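These numbers were taken from a predicted model, which means no experiment stands behind them.
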Amino acid sequence: PTITNSTIRNTGNNGIYLSSGTPTITGSTIEKGLYLNCDSGTVTGNTITNATNSPIQVKANLVGSVTTQNTIQNIQTGDTLNVLGGQVSSSGTWKNLGLTYIVTSDVNVYGSGAPVLTIEPGVVVKFNQNKTLYIGYSSSYLGALYAVGSASSPILFTSNQATPTAGYWGGINFADATVDANTTLSYVTVEYGGHLVSGVNSNLSINSASPTITNCTIRQSSGYGIFLAGSNPSIQNTTIDGATTYGVYGSGSPTITNSTIRNTGNNGIYLSSGTPTITGSTIEKGLYLSCDSGTVTGNTITNATNSPIQV
């Protein structure tokens with residue numbers, strides 16, 4: 001439908017509910033939110049009000065335009081915006097509106113134009129059980145994630161549970177089609193991931209990619225804190241805390257600087273190959289480096305009795 005300069009009010013549920021289609025909704029006032037199970041459309045210049053009991057629910061590709069090109073009023077503590085999953089095929093921003101984003105199905109960021117999903121400082125994103133955020137798809141369908149918070153306004157990716165448990169959701173998966181130059185996590189916490197995805201349990205799974213990770217907290221994974229498959233991320237000023245197996249595990253040449261890895265089930269760092277640079281960090285439970293070269297200097301390695309250093 002094309003809905004223009006109209007008012008929808010005093011409804012029992014959502015003001016607009018579309019199970020499919022490519023709507024054009026502009027210049028209108030919509031009470032009790034809207035439900036758009038649509039991958040594309042135009043939703044701009046509207047005022048959306050009183051959505052507490054009937055939350056806004058839209059497919060991932062429309063979240064950016066809904067949150068940045070419309071006015072959402074009367075947001076109450078505990079209000080949510082439900083992301084109905086799907087492909088993010090064009091760049092967009094998940095804006096900090098004072099509500100929580102709930103991801104109800106897998107979100108995949110990729111497209112022929114290499115879209116970037118931007119998360120504003122202070123945003124909280126909660127994932128339903130087993131759901132995952134995927135970045136990149138193939139050499140023809142690239143994607144990127146730009147999640148940059150601040151010390152006073154960090155970003156949180158977590159489980160959608162009243163009492164969170166490790167392994168509830170799938171974490172963030174970076175494919176080899178990740179655009180490294182556009183992908184940064186800074187002042188971000190990723191927690192309670194580790195549901196099995198493509199044979200890997202991890203909060204962050206990085207496959208032939210090299211994102212920048214700074215001032216982050218990666219904690220309470222049911223598997224690895226960070227899994228690497230031929231990857232070279234830059235990890236700086238980051239804490240990996242509470243991985244059931246290893247803190248950083250896999251293969252590649254990561255640069256790990258001024259970071260802390262603690263409370264892991266096995267080695268803090270385990271690399272089967274690569275040329276790592278590990279400096280100025282504190283690493284509990286030792287490290288395993290099956291690497292012929294690299295730089296490992298200025299670190300403090302502790303509590304390696306049951307997980308000995310192996311290099």
Side-chain angles (χ1 to χ4, degrees), residues 135-136 144-149 151 154-155 171-190 193 200-219 221 223-304 307-311:
I135 309 300
L145 174 63
Y146 187 81
V148 176
I155 294 165
I172 304 175
N173 187 297
F174 298 94
D176 59 0
T178 298
V179 181
D180 297 329
N182 295 338
T183 298
T184 299
L185 275 64
S186 184
Y187 291 101
V188 170
T189 294
V190 182
V200 174
N201 305 76
S202 188
N203 271 346
L204 298 180
S205 182
I206 306 175
N207 302 278
S208 300
S210 302
T212 297
I213 301 167
T214 64
N215 298 297
C216 289
T217 299
I218 314 299
R219 65 189 180 195
S221 169
Y224 312 117
I226 300 176
F227 174 82
L228 307 178
S231 297
N232 310 318
S234 174
I235 302 169
Q236 302 175 20
N237 302 311
T238 287
T239 296
I240 301 171
D241 188 1
T244 300
T245 56
Y246 299 86
V248 177
Y249 178 93
S251 62
S253 301
T255 297
I256 302 172
T257 308
N258 298 329
S259 295
T260 298
I261 303 173
R262 64 191 180 206
N263 297 321
T264 58
N266 297 297
N267 296 119
I269 299 174
Y270 184 111
L271 294 174
S272 60
S273 63
T275 307
T277 297
I278 306 169
T279 60
S281 296
T282 298
I283 306 158
E284 284 190 359
K285 293 198 174 177
L287 68 170
Y288 177 105
L289 302 177
S290 184
C291 308
D292 289 315
S293 59
T295 300
V296 185
T297 61
N299 303 288
T300 299
I301 303 170
T302 69
N303 301 330
S307 299
I309 298 169
Q310 303 181 69
V311 294

Taking all non-hydrogen atoms of both residues, which atom of Gly265 and which atom of Ser307 are closest, and how far apart?
O-OG, 4.5 Å
Taking every heavy atom of Asn203 against every heavy atom of Gly193, the minimum-distance pair comes out as OD1-N, 2.8 Å
Separation between CG of Asn215 and OG1 of Thr239, rounded to the nearest 0.5 Å:
9.5 Å
Would you say the side chains of Ser186 and Thr214 form a donor-acceptor pair under 3.5 Å?
yes
Are the side chain of Ser221 and the backbone of Arg219 linked by a donor-acceptor contact shorter than 3.5 Å?
no
Nearest-0.5 Å distance that lies between atom CD1 in Ile261 and atom CD1 in Ile301:
10.5 Å
Is there a donor-acceptor contact under 3.5 Å from the side chain of Asn258 to the main chain of Asn237?
no
To the nearest 0.5 Å, atom CG of Leu287 lies from atom OH of Tyr270 at 12.0 Å
Would Leu271 and Leu228 count as a side-chain contact (heavy atoms from CB on, under 4.5 Å) if you check the C-alpha gap in whole Å, the side-chain angles of each, and the deciding distance to 0.1 Å?
CA-CA 9 Å; Leu271 294 174; Leu228 307 178; 4.2 Å; yes
Atom of Phe174, atom of Leu204 and distance for their closest heavy-atom approach:
CE1-CD2, 4.2 Å
State the OG-CD1 distance between Ser281 and Ile235, to the nearest 0.5 angstrom.
9.0 Å
Ignoring hydrogens and geometry, is there a side-chain-to-backbone donor-acceptor pair from Asn263 to Asp241 under 3.5 Å?
no
Under 3.5 Å, side chain of Ser253 to main-chain N/O of Thr275, donor-acceptor pair present?
yes
Given 3.5 Å as the limit, does a donor-acceptor pair link the side chain of Asn299 with the main chain of Ile278, or not?
yes
List the steps and the verdict of side-chain contact (heavy atoms from CB on, under 4.5 Å) for Ile206 and Ile213.
CA-CA 11 Å; Ile206 306 175; Ile213 301 167; 4.1 Å; yes
Do the non-hydrogen side-chain atoms of Tyr246 and Ile226 ever get within less than 4.5 Å of each other?
no
Would the distance check show the side chain of Thr264 and the main-chain N or O of Arg262 forming a donor-acceptor pair, the cut-off being under 3.5 Å?
no
Measuring from atom OG1 of Thr183 to atom CD1 of Ile135, what distance do you get when rounded to the nearest 0.5 angstrom?
7.0 Å
Please confirm whether the backbone N or O of Ala209 pairs with a side-chain atom of Asp180, one donor and one acceptor, at under 3.5 Å?
no
Are any side-chain N or O atoms of Thr260 and backbone N or O atoms of Thr282, one a donor and one an acceptor, separated by less than 3.5 Å?
no
Sub-3.5 Å donor-acceptor pair from the side chain of Ser259 to the main-chain atoms of Thr238, do we have one?
yes
Shortest non-hydrogen pair, Val200 vs Phe227, comes out as CG1-CG, 3.6 Å
Checking the side chain of Thr277 only, and the main-chain atoms of Thr255 only, is there a donor and an acceptor separated by less than 3.5 Å?
no
Smallest heavy-atom separation, Ser272 atom then Ser251 atom, equals OG-CB, 3.7 Å
Compare every heavy atom of Gly136 with every heavy atom of Ala175, then report the nearest pair and how far apart it is.
CB-O, 3.7 Å
Distance (rounded to the nearest 0.5 Å) between Asn303 CG and Lys285 NZ:
8.0 Å
